[in-house]
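For ligands, and for the atoms within them, numbers begin at 1 and follow the listed sequence. What you see below is based on every heavy atom in this structure, not just the backbone, and it leaves out hydrogens, waters and symmetry mates.
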Amino acid sequence: MMEKKAFVTKEMIEEIVKTYPTPFHIYDEKGIRENAKALKEAFAWNKGYKEFFAVKATPNPFLIDILREYGCGCDCSSLTELMLSHAMGLKGEDIMFSSNDTPASEFAYAAEIGATINLDDFTHIAFLEETIGYLPKTLSCRYNPGGYFSISNSIMDNPGDAKYGFTTEQLFEGFRILKAKGVENFGIHAFLASNTVTNEYYPTLARTLFELAVKLQKETGAHITFINLSGGIGVPYRPDQEPNDIKVIGEGVRKVYEEVLVPAGMGDVAIYTELGRFMLAPYGHLVTKVIHEKHTHKEYLGVDACAVNLMRPAMYGAYHHITVLGKENEPCDHKYDVTGSLCENNDKFAVDRMLPKVEIGDYLAIHEAGAHGYSMGYNYNGKLKSAELLLKEDGSVQLIRRAETPKDYFATFDGFEIYKKLGF
Ligand SMILES: *Cc1c(COP(=O)(O)O)cnc(C)c1O
């Protein structure tokens with residue numbers, strides 16, 4: 001079993017809460033940098049390699065700016081993510097727009113800022129052309145082979161049940177149409193399994209896409225310039241899971257590249273990735289304080305965070321490891337449900353979790369909250385979104401997003417008197 005250690009201590013948190021009360025998300029700059037560097041090195045063999053960070057995982061410009069130092073661009077799924085990337089000064093070629101069920105206005109904005117558009121559906125070829133009046137010289141299409149996605153006989157995920165992408169037939173037909181309409185550079189994209197904790201996912205996906213690319217280029221004459229392996233490299237949420245080794249993954253993809261693409265004369269194809277979870281999840285904690293203990297039919301710990309700060313346990317029953325700060329070395333001999341305050345019985349960060357004996361006032365670090373954590377947040381029960389802090393390499397702490405206030409919450413009631421009544 002891997003020991004899961006928090007990157008903050010009780011003493012650090014006691015200092016931080018003097019300025020920034022709990023709950024908050026805190027990110028570890030050192031960990032983010034080391035991981036981004038390791039990813040870059042793992043794919044350095046590919047000349048055109050680029051990671052487009054999946055902005056939806058953690059849409060914070062301070063964190064994205066750190067990733068940019070390692071050559072990362074942005075992968076956007078919506079208008080506001082495109083706007084954020086553009087406002088941060090990213091150039092068009094550094095922005096990927098991988099959305100689905102896309103509104104016309106978002107295609108128009110993506111085209112205007114020169115982002116690379118990754119089409120999710122065959123019908124979007126005509127939709128895009130009608131919307132912007134032309135087709136960009138570079139376009140990508142998302143592929144969905146259907147069926148199950150398996151690695152050595154074990155089913156990883158079920159693309160046949162997923163709403164995304166072109167079928168194989170549609171992809172060949174789509175490339176022919178796009179080529180006839182003057183598109184010059186083609187990309188292929190696929191996201192066939194989520195949160196994989198195996199070094200085999202990318203190499204297996206790469207083989208499917210590389211073989212497809214060779215056929216597509218041969219049969220349609222389309223010039224394929226990049227293959228986007230998208231997201232899906234996971235993180236070990238549970239202490240008994242073995243973390244992925246990005247170096248092994250990069251090597252695995254290189255082998256398939258040399259076996260399939262190079263002999264087909266396609267040794268100039270750039271590899272792109274759109275990782276979100278892998279880039280940031282382990283380097284973020286949700287820090288929350290125990291404010292109540294409740295002894296009824298079960299033992300409950302009530303904390304000052306709730307599902308609006310981290311939705312994955314409520315939404316997917318996802319496991320997130322919890323460290324009771326200051327009690328790292330005590331035996332986990334008490335069983336608790338760790339709950340938030342929403343009027344929803346699924347608002348539990350953990351169910352039947354073995355922890356050390358917890359007291360009111362203890363701080364909990366909830367692990368792997370650095371991606372798909374803050375960003376999934378919402379305002380149910382009128383709860384406000386928490387602050388985001390950055391633990392810098394020099395040990396200092398920077399506020400990188402303030403907590404919401406009631407004023408933010410009421411800001412969309414244009415014309416209603418509530419602002420005046422509340423004295424804002
Ligand atoms: C969500 C998403 C990603 C990132 O997924 P992770 O699991 O965070 O790596 C990448 N690409 C697309 C199109 C996505 O929707």
By number and element, which atoms of ligand 1 are closer than 4.0 Å to a non-hydrogen atom of [X]?
X: Gly232; value: 6 (P), 7 (O), 9 (O)
X: Gly231; value: 5 (O), 9 (O), 10 (C)
X: Ser98; value: 13 (C)

Practice item. Flag the pair Arg402 and Asp408 as a salt bridge only when some basic side-chain nitrogen lies within less than 4.0 angstrom of an acidic carboxylate oxygen. Key: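 Salt bridge present between Arg402 and Asp408.
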Review point. Does Tyr374 have Lys385 sitting over its ring (NZ/CZ under 6.0 Å from centre, angle to axis within 45°)?
Key: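 Output yes; distance and angle both within limits.
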Point to revise | Lys/Arg cation over aromatic Phe53: Arg68, 6.0 Å, 45° cone | key: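 The answer is no, since Arg68 fails at least one limit relative to Phe53.
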Report yes if some N/O of [X] lies less than 3.5 Å from some N/O of ligand 1; otherwise report no.
X: Leu275; result: no
X: Ser230; result: yes
X: Arg142; result: no
X: Lys56; result: yes
X: Arg277; result: yes

Review point. For the residue pair Phe186 and Phe175, is the inter-centroid distance of their aromatic rings smaller than 6.0 Å?
Key: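 So the answer is yes for these two rings.
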Exercise for review: Between Ala57 and ligand 1, find which residue part has any heavy-atom pair under 4.0 Å and reply side chain, backbone, both or neither.
Suggested key: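 Contact part for Ala57 vs ligand 1: neither.
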Check your understanding: At a non-hydrogen distance cut-off of under 4.0 Å, which region of Asp75 contacts ligand 1 (side chain, backbone, both, or neither)?
Key ->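 The answer is the side chain of Asp75.
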Check your understanding: Would you say Asp101 has more than 12 foreign heavy atoms packed within less than 6.0 Å of its CG?
Key ->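 Incorrect, the count does not exceed 12.
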**Study point:** Atom NZ of Lys10 with >12 non-hydrogen neighbours under 6.0 angstrom
**Key:**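 No, NZ of Lys10 has 12 or fewer neighbouring heavy atoms, counting only those of other groups under 6.0 Å.
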Review point. Does ligand 1 have an atom under 4.0 Å from some heavy atom of His372?
Key: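 Yes, His372 has a heavy atom closer than 4.0 Å to ligand 1.
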Review point. Is there a side-chain contact between Glu328 and Lys5 (heavy atoms, below 4.5 Å)?
Key: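 A side-chain contact under 4.5 Å is absent here.
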Check your understanding: Between the side chain of Asn35 and the main-chain N/O of Phe278, is any donor-acceptor distance below 3.5 Å?
Key ->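 Looks like yes, one N/O pair under 3.5 Å.
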Practice item. Going by the ring pair (Phe, Tyr, Trp, His ring centres under 6.0 Å) test, name the single residue among Tyr202, Tyr49, Phe210 that passes it with Tyr257. Key: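 With Tyr257 as partner, Tyr202, Tyr49, Phe210 yield a single ring pair (Phe, Tyr, Trp, His ring centres under 6.0 Å), made by Phe210.
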Review point. So which protein heavy atom does atom 5 (O) of ligand 1 come closest to, and at what separation?
Key: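 Looking at atom 5 (O) of ligand 1, the protein heavy atom closest to it is Phe191 CE1, 3.5 Å.
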Point to revise | For atom 11 (N) of ligand 1, closest protein heavy-atom neighbour | key: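 So the nearest neighbour among protein heavy atoms is Glu274 OE1, 2.7 Å.
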